[in-house]
Amino acid sequence: METLKKEKHEATSSETVKISGAEAVIKCLLAEGVDLAYGYPGGAIMPVYDEIYKYQDQFHHVLTRHEQGAIHAAQGFARVTGKVGMVFATSGPGATNLVTGIADAQIDSTPLVCITGQVGSHLLGSDAFQETDIIGISTPVTKWNYQITKASEIPEVIAKAFYIAKSGRPGPVLIDITKDAQFGELDFSYKKCEKVRSYKALPKLNIEKLQEAANLINNAKKPFIVWGQGVILGRAEQEFKKFIEKTNIPSACTGLGLSALETSHPLHVGMVGMHGNYAPNVLTNSCDVLIAIGMRFDDRVTGNLATYAKQAKVIHFEIDPAEVDKNVKTDVAVIADVKETLVEIMQYVNEADHKEWMQEFDKLYQIEKDAVINYQLNPTKEGLTMGEVLGSINKETNGDAVIVSDVGQHQMFAWRYANFNKTRSNVTSGGLGTMGFALPAAIGAKMGAPEREVVAIIGDGGYQMTCNELGTILQTKAAVKIVVLNNSYLGMVRQWQELFFDKRYASTEMVSPNFVKLAEAYDIKAVKVSKREDLAGAIKTMIASKDAFFLEVVIEQEDNVFPMIPTGASVSDIRLS
């Protein structure tokens with residue numbers, strides 16, 4: 001015990017100790033409070049893994065079955081905890097296998113530090129075995145990257161990496177360390193980074209702009225808020241709630257903004273976007289002031305920009321200046337940390353009552369409920385719907401679970417029908433739309449929040465991209481609940497083929513293995529349901545399980561997700577069928 005205390009003291013001390021570069025990596029991570037990482041070893045990163053072995057009572061490493069699984073697991077961990085996710089990989093294919101996850105983290109603003117091994121510095125540029133220019137490859141999809149060729153660089157570069165990854169608008173950072181730098185020695189001391197020259201993490205709040213925004217809000221007759229993940233990333237959920245309750249403004253979220261505000265809140269009018277709710281999409285083109293908070297006006301949210309909210313004054317609360325005026329021209333831009341912004345604006349906005357305006361949302365919601373929602377939750381056809389599966393999960397979890405969704409129709413159904421009572425409960429691949437994300441991300445989410453129920457909602461297509469990570473569940477005993485909604489198609493593509501390509505189902509029909517036997521091969525309890533009378537009982541059994549559990553639900557093959565905004569259409573042209 002005394003030895004552990006001494007080692008931990010050394011990890012966080014500024015005293016100088018002579019150690020190897022590989023050991024310095026682990027000591028730096030411990031000093032940053034990191035004691036969990038995901039990865040896959042190989043020749044070029046082996047010195048670091050040797051140190052992980054030596055520090056295994058302080059530092060836990062999870063061996064995934066593929067590097068893509070490792071980085072998605074780190075994303076899931078980061079999304080539920082708000083901490084920096086940590087990944088290791090070797091050079092060459094190990095490093096390139098991380099790239100999809102890095103790109104995913106970059107567009108969804110997920111803080112990660114990825115450390116890759118590299119061939120010896122004397123071999124750089126020689127096309128040595130498993131040498132790849134990962135710095136050149138990852139530059140477009142990282143917030144920052146750096147190649148270390150000397151052991152002495154390690155402490156400063158890692159400190160900088162963590163500061164950049166988690167500060168301001170978060171994102172992924174990659175550090176590539178040559179093998180000789182890992183073996184080399186240095187006089188080790190560690191100091192956390194608090195600023196980086198030329199990098200401005202937090203823009204200074206302009207009070208005049210804030211007052212301009214408040215004036216527009218106070219004079220608005222039909223104000224409308226669209227919030228995004230920025231509210232969650234900025235840890236501003238309570239400040240946001242106080243703001244909307246004082247101003248009584250109808251508020252809708254983006255897909256990544258889900259769970260910042262509880263689903264049942266009376267001012268929560270749904271989700272915007274291609275498969276969002278009818279009312280907030282239609283009334284985007286009726287509001288007089290549109291207030292965007294921590295969102296980036298993605299094309300899936302705006303539809304045709306030529307017709308998007310042209311009648312409205314637009315206020316944009318955003319931490320990243322690069323996102324302002326990128327897609328939608330703003331009238332007032334408040335560029336600052338969202339938590340600070342929402343605290344400060346409270347003194348300038350008035351209490352308001354927008355009952356008549358809110359009634360317009362209620363009327364359109366009823367239209368959507370009658371046309372779409374009632375059928376999804378209580379279908380009249382024999383086949384099961386994705387909506388009713390989510391409804392049954394809501395009943396068993398009371399909206400308290402972390403829902404990790406993959407990409408496709410099931411993702412849209414999860415966004416639309418899952419209930420969220422707590423923040424950081426919606427984990428998904430938003431901007432990049434990475435199939436195969438959910439299973440490994442759910443493993444990371446469960447490790448980040450072991451006290452919470454974690455339910456992965458996956459399609460039969462995406463599941464088969466990373467189902468090898470069942471091996472990670474077998475080895476770690478992570479109690480993830482896996483729900484595969486199986487319609488024997490790549491469902492989202494099939495829906496588009498049905499609606500826009502005259503039902504030419506080109507390469508979308510899928511023959512799958514026996515998923516139950518596959519799960520059982522990994523010692524995971526498994527059940528398959530195809531009848532409505534068996535659904536509720538199976539979900540109850542799944543949620544009650546203390547261990548990992550797999551549930552396959554056979555879904556109506558042509559169960560489409562509506563409403564829908566066709567590509568190139570206006571948000572107000574959203575279709576209910």
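Since the model is a prediction, treat every value here as computed from it, not as a measurement.
In terms of modelled atom types and a separation under 3.5 Å, the side chain of His410 and the main chain of Asn486 share no donor-acceptor contact. Of the possible polar contacts, one joining the Arg424 side chain to the Arg79 backbone as a donor-acceptor pair under 3.5 Å is found. With hydrogens and angles disregarded, a donor-acceptor distance shorter than 3.5 Å links the side chain of Thr466 to the backbone of Gly436. Under a 3.5 Å cut-off, the side chain of Asn248 and the backbone N or O of His354 do not form any donor-acceptor pair. With hydrogens and angles ignored, the 3.5 Å screen pairs no side-chain donor or acceptor of Thr64 with any backbone N or O of Val62. The backbone N or O of Gly255 lies less than 3.5 Å from a partner atom in the side chain of Asn426, making a donor-acceptor pair. Looking only at distances, no side-chain donor or acceptor of Asn487 sits under 3.5 Å from a matching main-chain atom of Glu556. Checked by atom type and distance alone, the side chain of Thr142 never pairs as donor or acceptor with a backbone atom of Val173 at under 3.5 Å.
A 4.5 Å side-chain heavy-atom check between Pro379 and Arg532 finds at least one atom pair inside the cut-off.
Taking the six-membered ring where the residue is Trp, Tyr417 and Phe413 present parallel rings, their angle staying beneath 30° rather than reaching 60°. Between His61 and Phe88, the two ring planes are tilted [angle within 30° to 60°]. Between Phe240 and Trp227, the ring planes are tilted. Angles from 30° to 60° get that label.
For Asp559, the side chain to side chain donor-acceptor pair (under 3.5 Å) partners two or more places apart in sequence, or in a different chain, are Gln376. Annotation: side chain to side chain donor-acceptor pair (under 3.5 Å) contacts of Lys326 (sequence neighbours excluded): Glu323. The side chain to side chain contact (heavy atoms under 4.5 Å, CB included) check on Leu233 picks up Ser109, Pro170, Gln229, with sequence neighbours excluded. Listed by chain and number, the residues in a side chain to side chain donor-acceptor pair (under 3.5 Å) with Asn277 are Glu368 (sequence neighbours excluded). For Gln106, the side chain to side chain contact (heavy atoms under 4.5 Å, CB included) partners two or more places apart in sequence, or in a different chain, are Lys143, Pro172. By the salt bridge (Lys or Arg N to Asp or Glu O under 4.0 Å) test, Arg575 pairs with no residue at all, sequence neighbours left out. Contacts of Lys531 classified as side chain to side chain contact (heavy atoms under 4.5 Å, CB included), with partners at least two apart in sequence or in another chain: Glu533, Asp534. Remark: Asp460 pairs with no residue by the side chain to side chain donor-acceptor pair (under 3.5 Å) rule, at least two apart or across chains. Here Phe549 pairs with nothing under the ring-ring contact (aromatic ring centres under 6.0 Å, His included) rule; sequence neighbours left out.
The 12-atom threshold is not exceeded at NZ of Lys381, counting heavy atoms of other residues, nucleotides or ligands nearer than 6.0 Å. With a 6.0 Å radius and a threshold of 12 heavy atoms from other residues, nucleotides or ligands, Phe501 has its CZ atom at or below the threshold. Counted within 6.0 Å of CZ on Phe361, heavy atoms from surrounding residues, nucleotides or ligands total more than 12; the atom is thus considered enclosed.
Residue pairs meeting the ring-ring contact (aromatic ring centres under 6.0 Å, His included) criterion with at least one partner in residues 426-474, sequence neighbours excluded, are His72-Phe437, Tyr463-Phe515, Tyr463-Phe550. Within the structure, salt bridge (Lys or Arg N to Asp or Glu O under 4.0 Å) contacts touching residues 292-301 (residues at least two apart or in different chains) are Arg296-Asp298. Residue pairs satisfying the salt bridge (Lys or Arg N to Asp or Glu O under 4.0 Å) criterion with at least one member in residues 224-244, sequence neighbours excluded, are listed as follows: Glu239-Lys339, Lys241-Glu262.
A salt bridge links Lys166 with Glu32; the closest basic N to acidic carboxylate O contact falls under 4.0 Å.
Residues Asp362 and Gln366 have side chains that never bring a donor and an acceptor to within less than 3.5 angstrom of each other. Thr263 and Asn419 share no donor-acceptor pair across their side chains, judged by distance under 3.5 Å alone.
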